[in-house]
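Counting starts at 1 for both ligands and their atoms, following the listed order. Atoms considered below: every heavy atom in the structure, side chains included; atoms not considered: hydrogens, waters and symmetry mates. Quantities reported herein were computed from a predicted structural model and do not represent experimental measurements.
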Amino acid sequence: MDDLKKYHETNKDRYLNELLAWLRIPSISADQKFKGDVEKAANYLADQFKTLGMDNVKIYPTKGHPIVYAEKSVSPDVPTVLVYGHYDVQPPDPLDLWSSPPFEPVIRDGKIFARGSCDDKGQVYMHVKALEAMMQNHSLPCNVKFMVEGEEEVGSNNLEIFCKEYKEMLDCDVILISDTSMISNDVPSITTGLRGLSYVEVEVTGPNKDLHSGVYGGAVANPVNVLCSMIDSLKDGNNHITIPGFYDQVELVSTEERASMNSAPFNEQAYKEELGIQAVMGESGYTTLERTTIRPTLDVNGIWGGYTGEGAKTVLPSKAHAKISMRLVPNQDPDEITRLFTAHFKSIAPAGVTVKVQAHHGGYPVVIPVDSIEYLAARQAMEKTFGKTPIPQRGGGSIPIVALFEKVLGVKSILLGFGLDSDDIHSPDEHFGLFNFYKGIETIPYFYQYYAQMKRDAPV
Ligand code: BES
Ligand code: MN
Ligand code: MN
């Protein structure tokens, strides 16, 4: 591994400049205006794979954005690692809250500021450069496949179809993903769980047109008022979700696991200060760490209706809308939760309005076992480069495709993320530490090495 160290040292500036060039391409999957840029970002990655000398480099078109695939086989006797990631990014809005333009990456305070720097181009690129170093030094211990998609941020719908169609090509022993975070740069951790998701959009309609709020106000249901009370009623005084049946399948976590979870270093005071809040708020009876990992949630992501322009307009609007997400935990089923939500939300609508509920994408939660060879290899790799044993920690976010990988390909994933929760992914000023970028590049080859070793030594 000394050779690799030297190689990284000589090439680290180039690694970074290549990533910056990739970050300059605004691969926003949610917005059709950027379809060409999404494609450019796919081409950029495919070109990198070709330059590295990877085999079967191919851009697979889908009904949406393309999937980039590449592989390198070294021997039928060593295990195969499939690296998954996404090159699409979230829209950068609101633009005026960025300190520098989202697609003109800059380094400030040892961090790369750009949309996608952490989620997930920066983390995918660690894998590309780790692979380059191993290939250049003839020290690739595993067969490798890369599958990098352009639709993670919009639900990965076409990736599911792709996985079913190319099941054989994607055959592997483990899926390696860097698209999550660690506790801190001093406290490495490995993500052992992801929450599922049910995402709905609701529309409340009152009168058949906007009305004068003086002439009609007081006598006709105002859909914005009604929507607000309906949403308010979805949680009780203990911040417990009131949808009947919502918690029925929720797996109760043992007292021991909760205790070990809560022993992870977490400073609530610092957490509040960083977010500029006086107090945390959540479901009674659970800590902040529990509320963001083992408990389901319901949040309004956006709400609109009526007049929101400059000045005042006296209007009683005809319609009100909201986008609502529910984060799910084992063993909640996203389709079932969407059904329960829809039935309940319609049932609580007062006479005088009608309600429509539209389901967006969803996803199943996952739990990653900590006694598998791949987990032990990941743990040892981090231990090697951080000098500390990483802590297993469930994450609060969602990567819906992970549960599908298990279902469709029958393969488990390892979530070896190098970001931080404070990296502002999906927010203005998203960033990724140079420390984290280079630490990832340094750690990944150890995962390959330990994984191959442990697989070889494992009793069959
Ligand atoms: N990389 C994130 C998920 C994530 C972030 C997991 C941090 C754990 C820690 C991913 O790109 C993402 O944003 N997922 C979406 C879901 C998707 C269906 C839009 C999410 O969690 O909101
Ligand atoms: Mn991501
Ligand atoms: Mn994301």
Side-chain angles (χ1 to χ4, degrees), residues 23 27-31 38 41 64-65 83-93 102 114-127 147-160 175-184 188-201 289 292-294 296-302 323-329 334 337-338 359-368 392-405 413-428 430-432 436 440:
L23 290 172
S27 48
I28 306 164
S29 52
D31 189 339
V38 175
H65 302 301
V83 177
Y84 160 78
H86 62 96
Y87 67 83
D88 64 320
V89 302
Q90 286 272 326
D93 320 67
R115 172 58 88 231
S117 55
C118 173
D119 185 13
D120 184 33
K121 283 168 167 170
Q123 297 212 63
V124 166
Y125 216 68
M126 300 178 317
H127 284 272
M147 174 171 65
V148 186
E149 70 158 317
E151 295 190 300
E152 195 276 342
E153 300 291 10
V154 290
S156 302
N157 291 335
N158 292 301
L159 188 66
E160 182 179 354
I175 296 167
L176 183 60
I177 304 173
S178 296
D179 192 21
T180 51
S181 47
M182 319 182 285
I183 294 178
S184 73
S189 59
I190 298 178
T191 302
T192 53
L194 292 166
R195 287 196 281 191
L197 185 67
S198 158
Y199 199 112
V200 295
E201 184 165 335
L289 277 179
T292 54
T293 57
I294 58 165
T297 64
L298 184 150
D299 278 293
V300 176
N301 295 254
K323 291 182 194 275
I324 298 173
S325 67
M326 289 161 279
R327 296 281 168 174
L328 312 178
V329 299
I337 293 296
T338 303
H360 284 280
H361 49 243
Y364 284 83
V366 276
V367 181
I368 312 279
Q393 200 190 40
R394 294 212 206 177
S398 310
I399 310 177
I401 201 68
V402 176
L404 284 165
F405 284 151
S413 300
I414 284 292
L415 301 168
L416 190 63
F418 291 89
L420 298 176
D421 283 344
S422 55
D423 283 343
D424 291 323
I425 64 171
H426 295 205
S427 300
E430 175 179 353
H431 55 274
F432 190 38
N436 305 69

For ligand 1, which atoms have a heavy atom of [X] less than 4.0 angstrom away?
| X | answer |
| --- | --- |
| R327 | 20 (C), 21 (O), 22 (O) |
| P400 | 18 (C) |
| H86 | 11 (O) |

Identify, for atom 7 (C) of ligand 1, the protein heavy atom at the shortest distance, and state residue, atom and that distance.
I425 CD1, 3.9 Å
Kindly give the atom name of the N, O or S atom of E153 closest to the Mn ion (ligand 3).
OE2
Among the N, O or S atoms of H426, which one sits nearest to the Mn ion (ligand 3)?
NE2
Can you tell me which portion of [X] lies within the under-4.0 Å heavy-atom range of ligand 1? Options are side chain, backbone, both, or neither.
| X | answer |
| --- | --- |
| D179 | both |
| E153 | both |
| E152 | both |
| D120 | neither |

Write down the atom of S27, the atom of Y87, and the distance for their closest heavy-atom approach.
OG-O, 2.7 Å
Heavy atoms only: give me the nearest S413-I368 pair and the separation to one decimal.
O-CD1, 3.4 Å
Going by atom types alone, do [X] and [Y] pair a side-chain donor with an acceptor below 3.5 Å?
| X | Y | result |
| --- | --- | --- |
| N301 | S325 | yes |
| E151 | N158 | yes |
| Q393 | T192 | no |
| D119 | H426 | yes |

For the pair R115 (side chain) and S427 (backbone), establish whether a donor and an acceptor sit closer than 3.5 Å, ignoring hydrogens and angles.
yes
Answer with yes or no whether G395 contacts ligand 1, where contact means a heavy atom under 4.0 Å from a ligand atom.
no
Tell me whether R195 reaches ligand 1 (any heavy atom closer than 4.0 angstrom to a ligand atom).
no
Looking at the Mn ion (ligand 2), is there an N, O or S atom belonging to D179 that lies under 2.8 Å away from it?
yes
Candidates G196, G419, S398; heavy atom nearest atom 16 (C) of ligand 1 found on S398
The Mn ion (ligand 2) - name of the N/O/S atom of D119 that sits closest to it:
OD1
